[in-house]
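So the structure is just underneath, and the comments pick up after that.
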Amino acid sequence: MANPQERPSSLDLDVLIVGAGFAGLYALHRLREMGYTVRCCDRAEGVGGTWFWNRYPGARCDVESMDYSYSFSPELEQEWQWTERYPAQPEILRYLNHVADRFALRPDIRLGTRVAAAVLDESQQIWRVRLEQGTRAETVRTRFLVMASGCLSAARLPDIPGLGSFTGTTYHTADWPHEGVDFTGRRVGVIGTGSSGTQAIPLIARQAAHTTVFQRTANFSLPARNRPLDPDAVRELKARYREHRQFVRYTPNGTARRNNDVSALTVPPRERTAEYEARWQEGGGGFIGAFNDLLKDEAANDTAAEFLRGKIREIVHDPAVADALTPRGFPVGSKRVTVDTDYYATFNRPDVTLVDVRADPVQRITAPGIRTGSADHHLDSIVFATGFDAITGAVLAVDIRGRDGLALREKWAAGPRAYLGLATAGFPNLFLITGPGSPSVISNMVVSIEQHVEWISDHLGWLDKNGLWSTEADRRAEDDWVRHVAEVADTTLFPRGASWYVGANVPGKPRVFMPYVGGVGTYRRVCEDIAAGDYPGFVTR
Ligand code: FAD
């Protein structure tokens, strides 16, 4: 715990946390338990982060509920009852509100408060952080700044001319009206077929008079096969939850997914297909663990991709529509594989039209709808399922200035640079939760968030135990880590997908593969070794 006598007299807080999602809530709890004076700010009017904002029909997570939940409190994990294999947004939001109440977090959370800027005061080694609440602004002085601002929280709209001219209603999946939307009788256009689009389209189509889906890139999607949880299975898992959690922490992606440690190319084709079929029937993202080289070897990957393309041809009746929905030109898994309920079958409905905008580009949004090269699509509503400026978007939306006034936006102009994805040289006492260069979006993010929160709080405890005030990533250690992250990615097929993992969805964003794909367990061991060795790669003062 920070010794109050050592604080500069002008200090307001030990720690300011940006964001009140899974990461911010746990960081607040943990650091407060350690005795720090902590506040958490969120621009949202409620806690929950992702699950506060993304209220579109069909929004749910694609990691199983019993794993997509906090493990830090054995009591919490025993008392909370998940109802579904893949919980829907309202259930996850209820869970996070329960956590905020159970651990009495609300008094230290300021909602409706945007963190606009943070400037390092080098003379005192503190951060001056500008908070904006409506038209009111204030500056708080804090020793540590923790960006728990989310990898997928900076929503983006596409650059389509005429965006403001549409006379109907528009919605973004990541800023969905809290009262819900009734599409009954409406002609709805959905732009985007990533994770949010594939979840929302089947439900919108069931309600709307007509749904037109504008697709730029056909994605691989797997059936979720969501179902209510079996109470016996829940009891059985809860009886060994502690061991299960410990096991999951050292797996490649932070889930209990069964990874088959065999090459797809060494098994006879019939056996290989049987494995794919079993995983397709099981549902969920476990498909990608069918063989150990699906994300490493193109020929192996082709076998999985071809199996999935066959499924699309089987499900979708119209061969031309099936063809347009068939992903090509990138390995399966190199872009986020979506998990859906009835996505492909939705295109068999007579009231659903697919527009492949690669073949028939959107020219502009007009007053009555969307104009493509070949047609005017008249619409009452447009849904933008156009995703996020991922991983770095929310961090760089804050004007952060470190040593010598250097702006983080400037430092990261050619791509993000961070040591372990946790800290960045030139910005002492600033931490990133699930930052670039950590497993983040390639993992079960709750596992990765807990690991970061615990590592950061342990590091703060260590600084105070040793009478130190500040910590900063060493530039050489950072360079080595950034190089290592790229080298590991280059041993895989991940960089081959023009995905949001590399910033490809945001015009002008530097193309750098951002997550660490060496595995959650491997990464955790690296972080543990660094902590055990008194934090090499960090300059502490
Ligand atoms: P967030 O939940 O994004 O919270 C960040 C908060 O910071 C937000 O509330 C935001 O308002 C706030 N904020 C940002 N900048 C500022 C600022 N400048 N000032 C004030 N407040 C700010 N992950 C999985 O592991 N499995 C899944 O199945 C899965 N499904 C997902 C489905 C959807 C639709 C989306 C969008 C994401 C999904 N994710 C999934 C990723 C998900 O974001 C994480 O699992 C997790 O919720 C992230 O928590 P977080 O606290 O890090 O960030």
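All ligand and atom numbering here is 1-based and tracks the order in the structure. Counting begins at 1 with the first residue of the sequence.
- Look at E454 and R249 and you find no salt bridge, because none of the NZ, NE, NH1 or NH2 atoms lies under 4.0 Å from a carboxylate O.
- Looking at atom 28 (O) of ligand 1, its nearest protein heavy atom turns out to be D62 N, 2.5 Å.
- In this structure, W53 is part of the shell of residues with a heavy atom less than 4.0 angstrom from ligand 1.
- Atom numbering of ligand 1 starts at 1 in the shown order; those under 4.0 Å from a heavy atom of F388 are 36 (C).
- With respect to atom 47 (O) of ligand 1, the closest heavy atom belonging to the protein is Y68 OH, 3.2 Å.
- For ligand 1, the atoms sitting less than 4.0 Å from at least one non-hydrogen atom of F22 are 47 (O), 49 (O), 51 (O), numbered in the order shown with element in parentheses.
- In this structure, the protein non-hydrogen atom closest to atom 11 (O) of ligand 1 is D42 OD1, 2.8 Å.
- When only interatomic distances are considered, the shortest N/O to N/O separation between L152 and ligand 1 does not fall below 3.5 Å.
- In this structure, the protein non-hydrogen atom closest to atom 49 (O) of ligand 1 is I449 CD1, 3.6 Å.
- The closest approach between V398 and ligand 1 falls below 4.0 Å for a heavy atom of the residue.
- Not a single donor-acceptor pair under 3.5 Å links the side chain of D342 to the backbone N or O of P202.
- Taking every heavy atom of R114 and a limit of under 4.0 angstrom, the matching atoms of ligand 1 come to 19 (N), 20 (C).
- Between F431 and L145 there is no side-chain heavy-atom pair separated by less than 4.5 Å.
- Taking every non-hydrogen atom of S153 and a distance limit under 4.0 Å, the qualifying atoms of ligand 1 come out as 3 (O).
- Residue contacts with ligand 1, taken as heavy atom pairs separated by less than 4.0 Å, involve N54 solely via side-chain atoms from C-beta onward.
- For atom 15 (N) of ligand 1, the nearest protein heavy atom (residue, atom name, distance) is S149 CB, 3.6 Å.
- Side-chain contact of Y56 with Q199: a donor-acceptor pair under 3.5 Å is present, judged by distance alone.
- Judged purely by atom type and a 3.5 angstrom limit, R55 has no side-chain atom pairing as donor or acceptor with the backbone of Q89.
- Ligand 1 lies within reach of A148, whose nearest heavy atom is under 4.0 Å from it.
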Next on the checklist: One pair to check against side-chain hydrogen bond (donor to acceptor under 3.5 Å, both in side chains): Y343 and T341. What are the steps and the verdict?
Outcome noted: CA-CA 6 Å; Y343 176 64; T341 300; over 6 Å; no
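- Salt bridge absent: R106 and D108 never bring a charged side-chain N and a carboxylate O closer than 4.0 Å.
- A donor-acceptor pair under 3.5 Å links the side-chain atoms of N260 to the main chain of A290, judged by distance alone.
- For atom 17 (C) of ligand 1, the nearest non-hydrogen atom of the protein is V18 CG1, 3.6 Å.
- Atom numbering of ligand 1 starts at 1 in the shown order; those under 4.0 Å from a heavy atom of V63 are 26 (N), 28 (O).
- Distances between N or O atoms of V115 and those of ligand 1 include at least one value under 3.5 Å.
- R30 and S457 are linked by a side-chain donor-acceptor pair at a separation below 3.5 angstrom, with hydrogens and angles left out of the test.
- Residue R336 has no N or O atom closer than 3.5 Å to an N or O atom of ligand 1.
- Proximity annotation for atom 29 (C) of ligand 1: of G254, C61, G387, C61 comes nearest, heavy atoms only.
- Ranking protein heavy atoms by distance to atom 43 (O) of ligand 1, first place goes to T50 OG1, 2.7 Å.
- Looking only at distances, no side-chain donor or acceptor of S499 sits under 3.5 Å from a matching main-chain atom of A504.
- Checking only distances, A23 does come within under 3.5 Å of ligand 1, N or O to N or O.
- Using a 4.0 Å cut-off between a side-chain N of Lys or Arg and a carboxylate O of Asp or Glu, R102 and E79 qualify as a salt bridge.
- Taking the six-membered ring for Trp and the full ring otherwise, the centers of F220 and F287 sit at least 6.0 Å from each other.
- Here the protein heavy atom with the shortest distance to atom 7 (O) of ligand 1 is G19 CA, 3.2 Å.
- Between R60 and E91, no side-chain nitrogen of the basic residue sits less than 4.0 Å from a carboxylate oxygen of the acidic one, so the salt-bridge criterion is not met.
- A salt bridge is absent between E243 and R245; no separation between the charged side-chain nitrogens and carboxylate oxygens falls under 4.0 Å.
- Atoms of ligand 1 lying under 4.0 Å from any heavy atom of G150, numbered from 1 in the order shown and given with element: 1 (P), 3 (O), 5 (C), 52 (O), 53 (O).
- F52 does not count as a contact of ligand 1, since none of its heavy atoms falls under 4.0 Å from the ligand.
- Contact between T113 and ligand 1 is present, with at least one heavy atom of the residue lying under 4.0 Å from the ligand.
- Only the side chain of Y56 comes within contact range of ligand 1, with a heavy atom under 4.0 Å; no backbone atom does.
- Using a 4.0 Å cut-off between a side-chain N of Lys or Arg and a carboxylate O of Asp or Glu, K509 and D389 qualify as a salt bridge.
- For Y171 and F384, the ring centers sit 6.0 Å or farther from each other.
- Between M445 and ligand 1, a contact under 3.5 Å exists for at least one N or O pair.
- Under the 4.0 angstrom criterion for non-hydrogen atoms, S443 is in contact with ligand 1.
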